[in-house]
Number of protein chains: 2
Amino acid sequence: MRAQKTETEVRQEQIVTAALELIGAQGVNALSIAGIAERVGIVPSALYRHFKCKDDVLDAVLDLLKARLLSNVTQVRKETPGALPRLKSLLMRHARMLSENRAIPLVVFSDGIYAGRPERKAKVAAIITGYLSKIQHIVEEGIQDGSIRKDVVPVTASVMFLGMILPAAVLWNVSEGNFDMNAHAENAWPAFVRCISTEEHNIKSYMKTCEET
Amino acid sequence: MRAQKTETEVRQEQIVTAALELIGAQGVNALSIAGIAERVGIVPSALYRHFKCKDDVLDAVLDLLKARLLSNVTQVRKETPGALPRLKSLLMRHARMLSENRAIPLVVFSDGIYAGRPERKAKVAAIITGYLSKIQHIVEEGIQDGSIRKDVVPVTASVMFLGMILPAAVLWNVSEGNFDMNAHAENAWPAFVRCISTEEHNIKSYMKTCEET
DNA sequence: ACGAATTGTGATTCACTATTCACAATTATA
DNA sequence: TATAATTGTGAATAGTGAATCACAATTCGT
């Protein structure tokens with residue numbers, strides 16, 4: 001059966017989406033032109049009408065991921081005011097996203113995607129640092145408005161924020177989805193708040209605990 | 001030039017070590033029989049005198065990784081008393097042994113290492129959870145002796161501890177060694193202490209800061 | 001020192017996958 | 001409607017890397 005002739009812009013979208021789905025299911029290494037083509041419903045060679053080579057597909061996948069990650073942050077900035085609530089919202093959003101789409105850590109932290117291509121590595125680095133700088137920005141705002149300690153190093157805080165997500169993603173990945181991402185996020189969040197929020201805030205919450213007990 | 005004839009036990013060690021180094025440098029996907037052989041100083045086919053197939057090499061690499069991780073913890077337990085000092089010592093130790101730590105996320109996120117082998121994934125899972133349970137044990141001891149808050153969930157704390165190492169390793173990897181792992185560890189540690197140590201401890205250090213300023 | 005076992009080597013096979021190409025079908029354009 | 005442009009197809013090519021094998025060099029047991 002012959003595939004319906006479809007304009008290249010649409011096909012490109014289909015191809016990138018299919019690639020992302022396949023990566024989520026089987027990883028970057030297992031991603032093959034044949035696999036993508038089959039998922040799209042065309043023959044492998046037809047894929048080359050829309051992409052010059054496999055590398056270009058991977059680049060497009062990276063672009064898609066970057067867009068999704070950053071739109072995540074933008075969304076949260078719009079919906080939620082205040083540094084700490086924003087960070088929490090972002091954390092929970094990631095907890096949800098990772099279980100929905102585990103392709104993100106697989107792609108961003110896969111080695112296969114920058115095999116022998118330093119510029120690709122730079123691109124991945126740019127995605128990560130770009131994301132981190134957004135978080136860092138939120139932290140800096142928190143420091144200015146007094147909700148986050150002055151002696152917190154913003155970069156460190158952003159990396160530690162990533163540290164709540166990344167290991168959890170690892171565990172989730174390795175345990176075949178047998179790790180409760182959301183529970184971890186809920187448990188880790190108050191601890192993280194103690195990490196970075198001002199002493200006044202911590203002491204208040206401590207007093208409250210004392211009164212209760 | 002002909003390689004020196006060497007007994008298979010020694011070669012096996014050389015091969016596994018070389019493989020781990022190569023993984024740390026380039027990732028699992030780039031790991032080839034030819035690459036390992038070259039590093040060891042033998043010809044590719046000679047490698048099959050010591051391992052039946054590549055998969056067996058990967059299994060041995062996992063065993064080595066596990067052994068090194070756990071011996072790390074054991075060592076710290078011997079040298080250092082007290083939960084918090086032990087955790088800090090472990091953190092700094094990891095910061096120093098980056099090349100191995102770097103291999104960890106690379107291995108974990110590599111799909112190549114699981115390709116068509118579910119039992120391999122279980123093995124990786126066992127290594128990580130085994131390591132985490134050791135950390136968790138330290139945390140529990142800290143809770144018992146009162147240096148760590150009672151309301152800290154030990155599992156969560158151990159995952160967050162991993163969260164200080166993993167993202168840093170990834171960043172270091174992606175930025176071509178352009179990320180100061182030790183600085184991150186030094187910055188992250190006091191924040192992590194605030195995360196988990198008892199309020200009394202935090203308040204005392206807060207008072208001290210107040211007196212100073 | 002001599003045969004057997006061990007280890008190393010180069011050539012070769014084999015499977016897999018990206019990529020190309022000539023040609024066919026479809027759609028757009030004039 | 002006729003022709004050019006676009007997209008799809010199957011076959012063929014080429015490069016890669018794991019694995020095998022016959023044979024050579026080395027070491028070990030005796």
Side-chain angles (χ1 to χ4, degrees), chain A residues 1-20 22-23 25-62 107 110-117 120, chain B residues 1-23 25-62 110-117 120:
Chain A
M1 179 187 54
R2 197 179 180 88
Q4 175 157 353
K5 195 171 177 179
T6 309
E7 57 182 353
T8 197
E9 285 76 17
V10 176
R11 282 287 190 230
Q12 284 172 342
E13 264 194 47
Q14 293 176 340
I15 289 168
V16 174
T17 305
L20 192 59
L22 283 176
I23 287 173
Q26 309 162 8
V28 180
N29 310 18
L31 186 71
S32 68
I33 294 291
I36 301 173
E38 188 186 12
R39 199 171 181 87
V40 172
I42 56 179
V43 112
S45 59
L47 192 144
Y48 289 87
R49 295 286 177 207
H50 315 292
F51 284 94
K52 198 176 124 277
C53 59
K54 190 182 178 183
D55 275 330
D56 287 7
V57 177
L58 287 179
D59 275 329
V61 167
L62 283 186
V107 165
S110 157
D111 50 327
I113 203 158
Y114 34 66
R117 243 158 284 261
R120 184 79 56 69
Chain B
M1 179 186 53
R2 197 179 180 89
Q4 176 157 353
K5 195 170 177 180
T6 309
E7 56 182 351
T8 198
E9 284 79 16
V10 176
R11 282 287 189 231
Q12 283 172 343
E13 263 193 49
Q14 294 176 339
I15 289 169
V16 174
T17 305
L20 186 59
E21 287 167 359
L22 284 176
I23 288 175
Q26 310 162 5
V28 180
N29 310 22
L31 186 71
S32 69
I33 294 292
I36 301 173
E38 188 185 12
R39 199 172 181 86
V40 172
I42 55 178
V43 111
S45 59
L47 193 145
Y48 289 89
R49 294 286 177 206
H50 314 291
F51 283 95
K52 195 174 127 279
C53 60
K54 192 183 177 183
D55 274 331
D56 286 9
V57 177
L58 285 179
D59 275 330
V61 167
L62 285 186
S110 159
D111 43 328
I113 206 164
Y114 314 121
R117 242 158 280 264
R120 184 81 56 70

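Computed from a prediction, not measured in an experiment: that's the story for all the values here. A, B, ... follow the sequence lines: proteins, then strands. Residue 1 opens every chain.
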Exercise. Do A:K54 side-chain atoms and A:L31 backbone N/O form a donor-acceptor pair below 3.5 Å?
Worked result: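 Pair found, side chain donor or acceptor close to backbone of A:L31.
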Exercise. So, A:Q14 side chain and A:V40 main chain: donor-acceptor pair closer than 3.5 Å or not?
Worked result: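 No, the answer is negative, given that no donor and acceptor are paired below the 3.5 Å cut-off.
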Figure out the [atom1]/[atom2] separation between [X] and [N], and round it to whole Å.
{"X": "A:M1", "N": "D:dT9", "atom1": "CE", "atom2": "C1'", "answer": "13 Å"}
{"X": "A:R2", "N": "C:dC23", "atom1": "CZ", "atom2": "P", "answer": "15 Å"}
{"X": "B:I42", "N": "D:dT26", "atom1": "CD1", "atom2": "P", "answer": "16 Å"}

Exercise. Which comes earlier along DNA chain C counting from the 5' end, the contact point of B:E9 or that of B:S45, where each point is its nearest nucleotide?
Worked result: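 On the 5' side of the pair lies B:E9.
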Applying a 4.0 Å non-hydrogen cut-off, can you work out what [X] is touching in the nucleic acid: base, sugar-phosphate, or nothing?
{"X": "A:L31", "answer": "sugar-phosphate"}
{"X": "A:L47", "answer": "nothing"}
{"X": "A:A46", "answer": "base"}

Exercise. Of the candidate nucleotides C:dG8, D:dG8, C:dA18, which contains the atom at the shortest distance from the side chain of A:K54?
Worked result: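 Of all the options, the side chain of A:K54 is nearest to C:dA18.
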Does [X] have a side-chain nitrogen or oxygen under 4.0 Å from the phosphate oxygens OP1 or OP2 of [N]?
{"X": "A:R11", "N": "D:dG8", "value": "yes"}
{"X": "B:K5", "N": "C:dG8", "value": "no"}
{"X": "B:H50", "N": "C:dT6", "value": "no"}

Problem set entry | hbond_proxy B:S32 side chain to D:dG17 base (donor-acceptor, 3.5 Å cutoff) |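 Side chain to base: no pair present.
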Exercise. With a 4.5 Å heavy-atom cut-off, do B:N29 and A:V28 have their side chains touching?
Worked result: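 The answer is no; the side chains never approach within 4.5 Å.
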